[in-house]
Amino acid sequence: MYQNFEYYTPTKVIFGKETELRTGELIREQGSKKVLIHFGGKSAARSGLLDRIRHSLEEAGISYVTLGGVVPNPHLSLVYEGITLCKKESVDFILAVGGGSVIDSAKAIGYGVANEGDVWDFFEGKREAEACLPLGVVLTIAAAGSEMSDGCVITDEREGLKRAYDADLCRPRFAVMNPELTMTLPAYQTASGVADILMHTMERYFNHSHNMEITDVISEALMRNVMKYARILVDEPQNYEARAEIMWAGSLAHNGLTGCATGGGDWASHNLEHELGGMFDVAHGAGLAAIWGSWARYVNHAAKDRFEKFAVNVLGVVPEGTKEETIDKGIRAMEDFYRSIHMPTSLTELGISPTEEQIERMAASCEQASGGANGCVVPLKKEDMAEIYRMAL
Ligand code: NZQ
Ligand code: ZN
């Protein structure tokens, strides 16, 4: 029996060359009076993108304040700063110019302005938000999918805790996506984004549901397509078609489309990665690539048909031997792909070597954040997660 599902994607997508020049007009459509332009470290200023956005807002007669400085694995302290600024300036709309970190920081500020009390409560699971300031996005990296998602991931940098809060309230009103903007990305960030896009699809693909065929074929095609164009980008980072294919796939991978009737999916690798990001500040996609193979080896016995299907339909493995051999070839082919785009397949390659004490701490923290057990393919307890971290060393 297929599972019932809800699919909600309210984000208007403006895709293609020079679309960022329409930002002012898009915000005017929202009826906003005062905007916060939120951005990251250097890239948006260096490329001239911020100037173009400011100009577009000025032409549309929209007043704004700015707040930059968002770092990857965005910090709670800047979220608090943004909330104070928005309240002081009576900001009624937030424009995120950047990637997942900037968008998530903007979402968290939006929650903090629209609700009383400490915004971190939502991330700790203490209560639910009732509202969020509306926001729009000018996307500069194809990766997290936050431009259309209900997700928001923030790091309390004082505690080294990275936590997610999911709610439809924060889905952006619009997302401007010009693939050309991603051409200035360092190769490592491009590849890390690719790993994240694939993982958003895989997290939903691996489950115990009787999946709808349409969902599976969309997911499988999306993954094959992303791998094809990611290989092209290794040698041709300025290839517009490849940038466009991956950018659109990034949004489709995480706007809910690939999760229809999958019962939600697994998400264990994401939760394991969030602990790595909180403790070691690694790039999210690279962290996922480093942990996935160990997760897959640990849990595939519980979902053999799915792993076999993945090997054959996504990685092109020819099923000649036993089911177990096909599964093993599929996992190895996935890791070969990650290596081909210079992504790590172990924690050592990721550049970290957690001690046994750190592994135990991450596993305990992940169990607590997951509310007991992490994932659905095999609901992982603390000991399982510690073992996966060890296998990934
Ligand atoms: O700060 P700047 O100078 O812009 O540099 C950024 C940053 O260092 C750089 N960059 C971005 N666009 C660029 C560029 N450099 C050159 N040219 C450009 N066009 O790239 C670096 C990474 O940026 P970041 O925003 O951190 O990347 P990403 O989009 O991968 O976001 C990662 C964050 O999103 C969270 C992750 O956990 C992580 O914190 N996620 C959010 C999700 C969601 N909200 O739905 C879901 C994901 O699973 C993920 O957890
Ligand atoms: Zn992700």
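Bear in mind that the values here come from a model prediction, so they are computed numbers and not experimental data. This chain uses plain numbering: 1 for the first residue, then up along the sequence.
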Q: Using the salt bridge (charged side-chain N to carboxylate O under 4.0 Å, His left out) rule, take K309 and D216 through it: C-alpha gap first, then chi angles, then the decisive distance, then the call.
A: CA-CA 10 Å; K309 194 172 182 205; D216 273 358; 2.6 Å; yes
Q: Please assess D156 against R163 for the test side-chain contact (heavy atoms from CB on, under 4.5 Å), listing each intermediate value before the final yes or no.
A: CA-CA 8 Å; D156 177 351; R163 291 289 179 265; over 6 Å; no
Q: Any chance you could lay out the side-chain contact (heavy atoms from CB on, under 4.5 Å) test for E180 and M183, step after step, and finish with the verdict?
A: CA-CA 5 Å; E180 283 183 320; M183 289 180 184; 4.1 Å; yes
Q: Any chance you could lay out the side-chain contact (heavy atoms from CB on, under 4.5 Å) test for K228 and E245, step after step, and finish with the verdict?
A: CA-CA 10 Å; K228 171 181 167 184; E245 295 279 352; over 6 Å; no
Q: Dump the intermediate steps for salt bridge (charged side-chain N to carboxylate O under 4.0 Å, His left out) on R28 and E25, then the final yes or no.
A: CA-CA 5 Å; R28 201 169 44 199; E25 158 205 332; over 6 Å; no
Q) Which is it for H284 and E273 under the side-chain contact (heavy atoms from CB on, under 4.5 Å) test, yes or no, and what are the steps along the way? A) CA-CA 7 Å; H284 171 62; E273 192 289 326; 2.8 Å; yes
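The side-chain hydrogen bond (donor to acceptor under 3.5 Å, both in side chains) search around T182 returns none, not counting sequence neighbours. With sequence neighbours left out, the side-chain hydrogen bond (donor to acceptor under 3.5 Å, both in side chains) criterion links K87 to no other residue. Residues passing the side-chain hydrogen bond (donor to acceptor under 3.5 Å, both in side chains) test with D305 are K323, sequence neighbours excluded. S146 meets the side-chain hydrogen bond (donor to acceptor under 3.5 Å, both in side chains) test with D104, K107; sequence neighbours excluded.
A donor-acceptor contact closer than 3.5 angstrom is absent between the side chains of N211 and Y205. Side-chain contact annotation: S77 with E157, donor-acceptor N/O pair under 3.5 Å present. In summary, the side chains of D92 and S32 do present a donor paired with an acceptor at a separation below 3.5 Å, with no hydrogens or angles considered. Inspection of the T190 and R243 side chains reveals an N or O donor paired with an N or O acceptor under 3.5 Å. A donor-acceptor contact closer than 3.5 angstrom is absent between the side chains of T326 and E308. In this model, no donor atom of one side chain and acceptor atom of the other lie less than 3.5 Å apart for E356 and Y389. One side chain, Y64 or E58, offers a donor N or O that lies under 3.5 Å from an acceptor on the other.
The aromatic rings of F174 and F93 lie parallel to each other, their planes meeting at an angle below 30°, with 60° marking the opposite boundary. Below 30°, between 30° and 60°, or above 60°: for W267 and H200 the angle between ring planes is between 30° and 60°, a tilted geometry.
Note on I327: it clusters hydrophobically with L198, by side-chain heavy-atom contacts below 4.5 Å among ILVMFWY residues. There is a path of hydrophobic side-chain contacts, each under 4.5 Å, that joins V234 to V226. Linking ILVMFWY side-chain heavy atoms closer than 4.5 Å, directly or via other members, places I291 and M343 in a single hydrophobic cluster. No continuous path of hydrophobic side-chain contacts links L233 to Y240 [ILVMFWY only; heavy atoms under 4.5 Å]. Each of V176 and L135 belongs to its own hydrophobic cluster when Ile, Leu, Val, Met, Phe, Trp and Tyr are linked at side-chain heavy-atom distances under 4.5 angstrom.
Classification of R361 and E275 as a salt-bridged pair fails, no side-chain N sitting under 4.0 Å from a carboxylate O. Electrostatic pairing of K329 and D336 does not count as a salt bridge here, judged by no charged N lying under 4.0 Å from a carboxylate O. The residues E360 and R390 are annotated as salt-bridged, a charged nitrogen and a carboxylate oxygen being separated by less than 4.0 angstrom. A salt bridge is absent between E29 and R173: the closest approach of a Lys/Arg side-chain nitrogen to an acidic carboxylate oxygen does not fall below 4.0 angstrom.
Hydrophobic side-chain contacts under 4.5 Å tie V312 to no other Ile, Leu, Val, Met, Phe, Trp or Tyr residue.
Taking 4.5 Å as the limit, every side-chain heavy atom of M385 sits out of range of all side-chain heavy atoms of M362. Inter-residue side-chain proximity for F122 and E128 is flagged as unmet; no heavy-atom pair is nearer than 4.5 Å. By the 4.5 Å heavy-atom criterion applied to side chains, L85 and I109 are not counted as neighbours. Counting only heavy atoms from C-beta outward, the side chains of K34 and S90 never approach each other to under 4.5 Å. Here the side chains of L380 and Y298 are in contact, with some heavy-atom distance below 4.5 Å. E367 places a side-chain heavy atom less than 4.5 Å from the side chain of K381. Side-chain contact check for D196 versus H270: some heavy-atom pair is nearer than 4.5 Å. When side chains are defined from C-beta on, I331 counts as touching W292, because their heavy atoms get closer than 4.5 Å.
Across all their heavy atoms, L95 and L57 have their closest contact at CD2-CD1, 4.5 Å. When all heavy atoms of A131 and N115 are compared, the pair lying nearest together is O-ND2, 2.8 Å. The two residues P344 and A286 make their nearest non-hydrogen contact at CG-O, 3.5 Å. Scanning all heavy atoms of the two residues, the minimum distance from Y229 to I246 falls at C-CD1, 3.7 Å. Here the closest heavy-atom approach between residue G285 and residue A195 is recorded as O-CB, 3.4 Å.
In this structure, the side chain of S353 does not engage the main chain of L347 through any donor-acceptor pair within 3.5 Å. For N255 (side chain) and S149 (main-chain N/O), no donor-acceptor pair under 3.5 Å exists by modelled atom type. Side-chain N or O atoms of S219 include one that pairs as donor or acceptor with a backbone N or O of T215 at under 3.5 Å. For D266 (side chain) and V377 (main-chain N/O), a donor-acceptor pair under 3.5 Å exists by modelled atom type. The backbone N or O of G264 sits nowhere less than 3.5 Å from a side-chain atom of N207 that would complete a donor-acceptor pair.
Just one of P379, S269, C366 meets the side chain to side chain contact (heavy atoms under 4.5 Å, CB included) condition when paired with N374; it is C366. When each of V138, L139, I141, V13 is paired with E147, the side chain to side chain contact (heavy atoms under 4.5 Å, CB included) condition holds for L139 and for no other.
Aromatic ring centres of F123 and W120: separated by under 6.0 Å. The distance between the ring centers of F206 and W295 falls below 6.0 angstrom.
Pairs of residues two or more places apart, or lying in two chains, never qualify as ring-ring contact (aromatic ring centres under 6.0 Å, His included) while including a residue from residues 323-342.
No more than 12 heavy atoms of other residues, nucleotides or ligands lie within 6.0 Å of OH in Y8, so this atom counts as exposed by the packing criterion. By the 6.0 Å contact criterion, CD on E124 is enclosed, its count of non-hydrogen atoms from other residues, nucleotides or ligands being greater than 12. Around CD of E6, the count of heavy atoms belonging to other residues, nucleotides or ligands within 6.0 Å does not exceed 12. The local environment of NE2 in H301 is crowded, with over 12 non-hydrogen atoms from other residues, nucleotides or ligands closer than 6.0 Å. Residue E18 qualifies as open at atom CD: its count of foreign heavy atoms under 6.0 Å is 12 or below.
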